[in-house]
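Only one structure is covered here, and it is reproduced in the block below.
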Amino acid sequence: YLRVWRFSLSRRAIAMSKFDLAVTIAITAAFLLFADSVGASSGCSFNVEGATYDLSPINRKVPLEGTQGTAIDIGVCSSIRTADDCDANCCINSDPQVWEPCASPQGIESQETLEGGSEGIKLIYGPGAKCKSKTAGNTNYRLTVSVICDEGSNDQFTKPVKAATGDECSIDVEWRTKAGCATIKPPPKKHSSASWGWPFVGVFLGIAALYFGGGVMLNKRRYGLDGLDALPHSTFWVETLPELMREGFYFSLDAAQATYESCFKCVSGRAMQQDPYAYSQAPTFESEVDVE
């Protein structure tokens with residue numbers, strides 16, 4: 001009984017270990033799926049359209065140049081704390097005594113590649129506080145940072161510059177830095193054959209319609225032909241082409257028969273070397289259709 005009891009305990013232990021392993025695998029898979037669903041960005045690294053950008057070298061609190069009458073501090077990836085009432089990626093000092101968030105505390109809303117062929121990444125942040133401009137109305141501050149690739153720059157000394165857009169509520173920033181160069185280049189785009197295949201088919205069908213339609217109309221009006229005789233080059237389409245197709249069919253049939261017989265003889269010849277009495281000469285057959 002003691003052995004049976006020990007055996008049952010060992011089986012239970014094995015079953016529990018398998019159960020624990022399955023639970024561990026399920027938890028790990030769920031964690032990986034959750035991490036992937038959160039986004040392609042990790043810390044200050046972003047993956048956009050197959051290209052990876054590491055912006056950690058410029059992830060620091062830095063004053064924005066190009067502003068007039070206001071002070072703006074930004075942090076590309078991390079929230080900066082300029083004052084107790086501003087804890088976001090962008091803080092603006094439109095009032096000398098007050099710092100307000102010019103970006104959402106949630107940070108980056110989306111990212112995309114730059115337009116116009118420039119290499120880099122564009123970060124779009126969520127809306128900040130209400131804009132203090134007199135012409136703003138009910139508009140919030142908006143921050144976008146375009147990090148442009150500059151291989152020869154030093155990330156420790158480069159600074160962002162506010163673009164002159166004429167809109168006080170829209171803070172468009174350009175930052176030329178080496179960090180804007182992709183650490184992993186996007187894969188080259190493959191040119192699909194479908195991009196020219198369908199136009200080629202359309203052109204071919206158009207030429208064919210013009211050829212047959214115009215030829216039939218011409219033969220009817222000018223020569224008074226009807227039926228198959230009205231086709232352009234009717235002798236070729238009605239007599240020559242069917243004869244060529246017939247000869248091609250029988251030629252292919254004869255070639256296939258010759259190939260079959262040669263392959264059969266080769267295989268049977270090798271087999272006869274091992275057992276001469278098991279195989280006889282290769283069977284031959286004649287085509288049932290006589291070619292005139």
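Residue numbers run from 1 in the order of the sequence given.
With salt bridges taken as basic N to acidic carboxylate O contacts below 4.0 Å, none links Glu151 and Arg176.
At least one donor-acceptor pair under 3.5 Å links the side chain of Tyr53 to the backbone N or O of Gly120. The backbone N or O of Ser78 sits less than 3.5 Å from a side-chain atom of Asn59, completing a donor-acceptor pair. Remark: the backbone N or O of Tyr125 is not paired with any side-chain donor or acceptor of Asn89 at under 3.5 angstrom. At least one donor-acceptor pair closer than 3.5 Å links the side chain of Ser153 to the backbone N or O of Lys178. Ser118 places no side-chain N or O within donor-acceptor distance of the main-chain N or O of Leu114, the cut-off being under 3.5 Å. The main-chain N or O of Ala88 is found under 3.5 Å from a side-chain atom of Ser79 such that the two form a donor-acceptor pair. No side-chain donor-acceptor contact under 3.5 Å links Asp229 to the backbone of Leu225. Without hydrogens or angle criteria, Ser262 side chain to Ala258 main chain gives a donor-acceptor distance under 3.5 Å.
A pairwise comparison of heavy atoms in Ile171 and Cys90 identifies CD1-SG, 4.2 Å as the closest pair. Contact detail for Gln106 and Ser104: the closest heavy-atom pair is OE1-OG, 2.6 Å. Across every non-hydrogen atom of Leu55 and Val76, the tightest pair is CD1-CG1, 3.9 Å. Taking both residues in full, the closest heavy atoms of Thr139 and Cys169 are given as CG2-CB, 4.2 Å, listed atom of the first, atom of the second, then distance. Across all non-hydrogen atoms, the minimal contact from Arg142 to Pro127 is NH1-CD, 3.0 Å.
Linking ILVMFWY side-chain heavy atoms closer than 4.5 Å, directly or via other members, places Val216 and Tyr211 in a single hydrophobic cluster. Hydrophobic clustering (ILVMFWY, side-chain heavy atoms < 4.5 Å, transitive): Leu241 and Val238 are in one cluster. Connection of Val201 to Phe204 is established within a shared hydrophobic cluster, with ILVMFWY side chains joined at heavy-atom distances below 4.5 Å, either directly or through further cluster members. Note: the hydrophobic cluster containing Met217 does not contain Leu231 (ILVMFWY, side chain heavy atoms under 4.5 Å, direct or indirect links).
Note that the OG1 atom of Thr259 and the CG atom of Asp254 stand 10.5 Å from one another [nearest 0.5 Å]. Taken from SG in Cys77 to CG in Leu123, the straight-line distance is 7.0 Å, to the nearest 0.5 Å. With rounding to the nearest 0.5 Å, the separation of CE in Met245 from OG1 in Thr240 is 13.0 Å. Taken from CG in Asp87 to CD1 in Ile80, the straight-line distance is 9.0 Å, to the nearest 0.5 Å. Distance check: Lys159 NZ to Ile58 CD1 gives 14.0 Å after rounding to the nearest 0.5 Å.
For the side-chain hydrogen bond (donor to acceptor under 3.5 Å, both in side chains) test, no residue two or more places apart in sequence or in another chain qualifies with Glu112. Residues passing the side-chain hydrogen bond (donor to acceptor under 3.5 Å, both in side chains) test with Lys185, sequence neighbours excluded: Glu119. Listed by chain and residue number, nothing satisfies the side-chain hydrogen bond (donor to acceptor under 3.5 Å, both in side chains) test with Asn140 (two or more places apart in sequence, or in another chain). Residues forming a side-chain hydrogen bond (donor to acceptor under 3.5 Å, both in side chains) with Glu100 (at least two apart in sequence, or on another chain): Lys132. For Phe212, the ring-ring contact (aromatic ring centres under 6.0 Å, His included) test picks out Trp237, with sequence neighbours left out.
Counting heavy atoms from C-beta on, the side chains of Glu49 and Gln111 never come closer than 4.5 Å. Taking the side chain as every heavy atom from C-beta outward, Phe46 and Ile121 approach each other to under 4.5 Å. Counting heavy atoms from C-beta on, the side chains of Asp73 and Val62 never come closer than 4.5 Å. Ile74 is listed as a side-chain neighbour of Pro160, based on a closest heavy-atom distance under 4.5 Å. Taking 4.5 Å as the limit, every side-chain heavy atom of Lys122 sits out of range of all side-chain heavy atoms of Ser110. Side-chain contact check for Val173 versus Leu143: some heavy-atom pair is nearer than 4.5 Å. At least one side-chain heavy atom of Thr52 sits less than 4.5 Å from a side-chain heavy atom of Ser45. Counting heavy atoms from C-beta outward, Arg246 and Tyr250 have side chains that approach closer than 4.5 Å.
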- Message: Using the rule given for side chain to side chain donor-acceptor pair (under 3.5 Å), can you reason through Trp175 versus Thr158, listing the C-alpha separation, both sets of side-chain angles and the distance that settles it, and then say yes or no?
- Response: CA-CA 8 Å; Trp175 198 339; Thr158 59; 3.1 Å; yes
- Query: Step by step, would you call Ile124 with Ile108 a side chain to side chain contact (heavy atoms under 4.5 Å, CB included)?
  - Reply: CA-CA 6 Å; Ile124 303 173; Ile108 299 172; over 6 Å; no
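Atom CD of Glu115 is surrounded by 12 or fewer heavy atoms from other residues, nucleotides or ligands within 6.0 Å. Within 6.0 Å of CZ on Phe236 lie more than 12 heavy atoms contributed by other residues, nucleotides or ligands.
No hydrogens or angles considered: nothing links the side chains of Asp54 and Thr183 as a donor-acceptor pair under 3.5 Å. With hydrogens and angles left out, the side-chain atoms of Asp150 and Thr177 include no donor and acceptor closer than 3.5 Å.
Cys91 has its SG atom at least 2.5 Å from the SG atom of Cys102.
Legend: salt bridge (Lys or Arg N to Asp or Glu O under 4.0 Å) pairs involving residues 209-227, not counting sequence neighbours: none detected.
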